[in-house]
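On a predicted model such as this, the values are computed, not experimentally measured, just so you know.
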Amino acid sequence: MGTHTPDLRSLQGTASATDPTTDPTADPTVDLATEAFVTHRNLLFTVAYELLGSAADAEDVLQETWLRWTGVDQDTVRDRRAYLVRVTTRQALSHLRALGRRRESYIGPWLPEPLLTAPDVAEDVELADSVSMAMLLVLETLAPTERAVFVLRDVFGLEYGEIAGAVGKTQAAVRQIARRARAHVGERRPRGAVSAAENRRAIEAFRRAAETGELQSLLDLLAPDVVLLGDGGGVRPAVPHPVVGAGPVARLLAEGLPRFAGRATVRPAVVNGGPALVIELAGEGDSLVALRLDDGLITAVYVVRNPEKLSRLTRATPITR
């Protein structure tokens, strides 16, 4: 078995079907380890991303998973998918504990790295919910092991025995952790599904406000308890603290959005399975605005301006369960 490390970003299933990096059967020299990794790569990325909230860190985890995978005797692996998920989870947990320390020194509010996702992701309600900005922020409030157990059980449907092997706990302990995490998430998760028409209405109002400065139709959609979070990472200006309430959020939008009018390119996008706008100035990404809606009203506005987090908005990232 070879130990060559491939460029894992080329194994996302977006290349030609005749490319052996995405279709192992096109090259008879590709070994079983590579074939299994390619087959499950999008799943492994999704697991790592949901645990970390960062595509860049998820890619690092996949690289580490691959390096460990190439050293495994394939004849001893009964279920390659389960084995790969277990290794990915362990590596992600190690990263997650380190990230907690890094985020303590992050300048301003921290938001997940947004992903441009294919429109069909929104059709899988459970998957779209699990990768939404709102849910990823809820998952941030869990301890690392709780987060891993919740994601593996409630999102990906793994059996408790498989999860126990991934997080280094007994099955009984995993069941308790799962109940505790599920209750915690249940108190904080988005309140319900939103229709496509409601999403379009909110995005159109935001787009019009950014392009023309006309704000009224947008302000009419703000929920009384709406919250706005801005992530500039200390690199670009952003609100340093959460802004809460329709009045304060409306005033902030009234001050900020008109500066884009007539200058920005604003395009609707499906980001993390939900409605969003990508705002570009002078041909470069300036901001990502993602919305959370409940009962037809905007309950959260997530503005990502940190340029390090805007690289995944030009091509859809394949995610799957």
Side-chain angles (χ1 to χ4, degrees), residues 11-15 17 22 38-55 58-59 61-62 81-82 84-85 88-89 92 111-140 142 147-159 162-163 166 178 181-182 185-186 188-203 267-278 288-296 298-300 302 304 312-321:
L11 303 185
Q12 293 185 20
T14 56
T22 56
V38 171
T39 298
H40 300 300
R41 187 205 186 283
N42 292 343
L43 167 67
L44 302 178
F45 175 85
T46 308
V47 170
Y49 177 72
E50 292 203 18
L51 290 179
L52 299 169
S54 163
E59 294 287 1
V61 164
L62 262 62
R81 177 183 183 274
L84 283 165
V85 169
T88 298
T89 300
L111 289 173
E113 181 180 356
L115 300 179
L116 186 69
T117 50
D120 60 355
V121 170
E123 297 173 7
D124 184 337
V125 176
E126 292 184 1
L127 178 60
D129 174 65
S130 72
V131 298
S132 69
M133 300 288 276
M135 178 57 77
L136 291 175
L137 286 174
V138 171
L139 294 179
E140 281 289 309
L142 294 172
R147 183 169 183 169
V149 169
F150 177 85
V151 167
L152 294 179
R153 178 61 183 173
D154 284 50
V155 178
F156 296 98
L158 269 64
E159 298 296 330
E162 293 178 278
I163 300 172
R182 194 174 297 121
V185 171
R188 296 164 176 81
R189 74 187 310 157
R191 293 192 279 266
V194 179
S195 71
E198 290 173 326
N199 281 335
R200 285 194 299 270
R201 179 186 175 207
I203 281 297
R267 56 182 173 90
V270 178
V271 171
N272 291 66
L277 288 176
V278 178
L288 179 282
V289 180
L291 305 179
R292 168 179 165 177
L293 277 77
D294 292 292
D295 299 323
I298 299 171
T299 55
Y302 308 111
V304 180
R312 291 268 177 164
L313 300 177
T314 58
R315 186 177 68 177
T317 297
I319 59 174
T320 187
R321 285 193 295 156

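- For the atom pair CD1 of Ile163 and CZ of Phe150, the computed distance is 11.0 Å after rounding to the nearest 0.5 Å.
- When every heavy atom of Met133 is checked against every heavy atom of Pro112, the shortest pair comes out as CE-O, 3.7 Å.
- Residues Leu152 and Glu162 form no side-chain contact, since every pair of their non-hydrogen atoms from C-beta on lies 4.5 Å or further apart.
- Rounded to the nearest 0.5 angstrom, Leu44 CG and Arg81 CZ are separated by 9.0 Å.
- Residues Ala148 and Thr89 approach most closely at CB-CG2, 4.2 Å, considering heavy atoms.
- Between Val270 and Pro119, the closest heavy-atom pair is CG2-CA, 4.4 Å.
- With rounding to the nearest 0.5 Å, the separation of CD in Glu59 from CG in Leu52 is 11.5 Å.
- Annotation for Ala202 and Leu293: closest pair CB-CD2, 3.8 Å, computed over non-hydrogen atoms.
- Side-chain contact between Tyr49 and Leu115 is present, with heavy atoms from C-beta onward closer than 4.5 Å.
- Under the 4.5 Å side-chain criterion, counting only non-hydrogen atoms from C-beta, Arg321 is in contact with Val155.
- Minimum heavy-atom separation, Thr317 to Arg312: OG1-NH1, 3.4 Å.
- Atoms NE2 and OG1, on His40 and Thr46 in that order, are 13.0 Å from each other to the nearest 0.5 Å.
- Atom CG of Leu62 and atom CG of Asn42 lie 9.5 Å apart (nearest 0.5 Å).
- Rounded to the nearest 0.5 Å, atoms CG (Leu291) and CG (Leu277) are 7.0 Å apart.
- Looking only at distances, a side-chain donor or acceptor of Ser132 sits under 3.5 Å from a matching main-chain atom of Asp129.
- Side chains of Tyr302 and Leu137 form a contact here, defined as non-hydrogen atoms less than 4.5 Å apart.
- The two residues Val131 and Asn272 have their closest heavy-atom pair at O-ND2, 2.7 Å.
- For the pair Thr88 and Val61, the minimum side-chain heavy-atom distance is below 4.5 Å.
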Item to complete: Decide side chain to side chain contact (heavy atoms under 4.5 Å, CB included) for Met135 and Val185; before the verdict, give the C-alpha distance in whole Å, the side-chain angles of both, and the deciding distance to 0.1 Å.
Response: CA-CA 8 Å; Met135 178 57 77; Val185 171; 3.9 Å; yes
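- The 12-atom threshold is not exceeded at CZ of Arg201, counting heavy atoms of other residues, nucleotides or ligands nearer than 6.0 Å.
- Judged by distance alone, the side chain of Arg292 and the main-chain N or O of Thr299 form no donor-acceptor pair under 3.5 Å.
- A donor-acceptor contact shorter than 3.5 Å is absent between the side chain of Ser54 and the backbone of Glu113.
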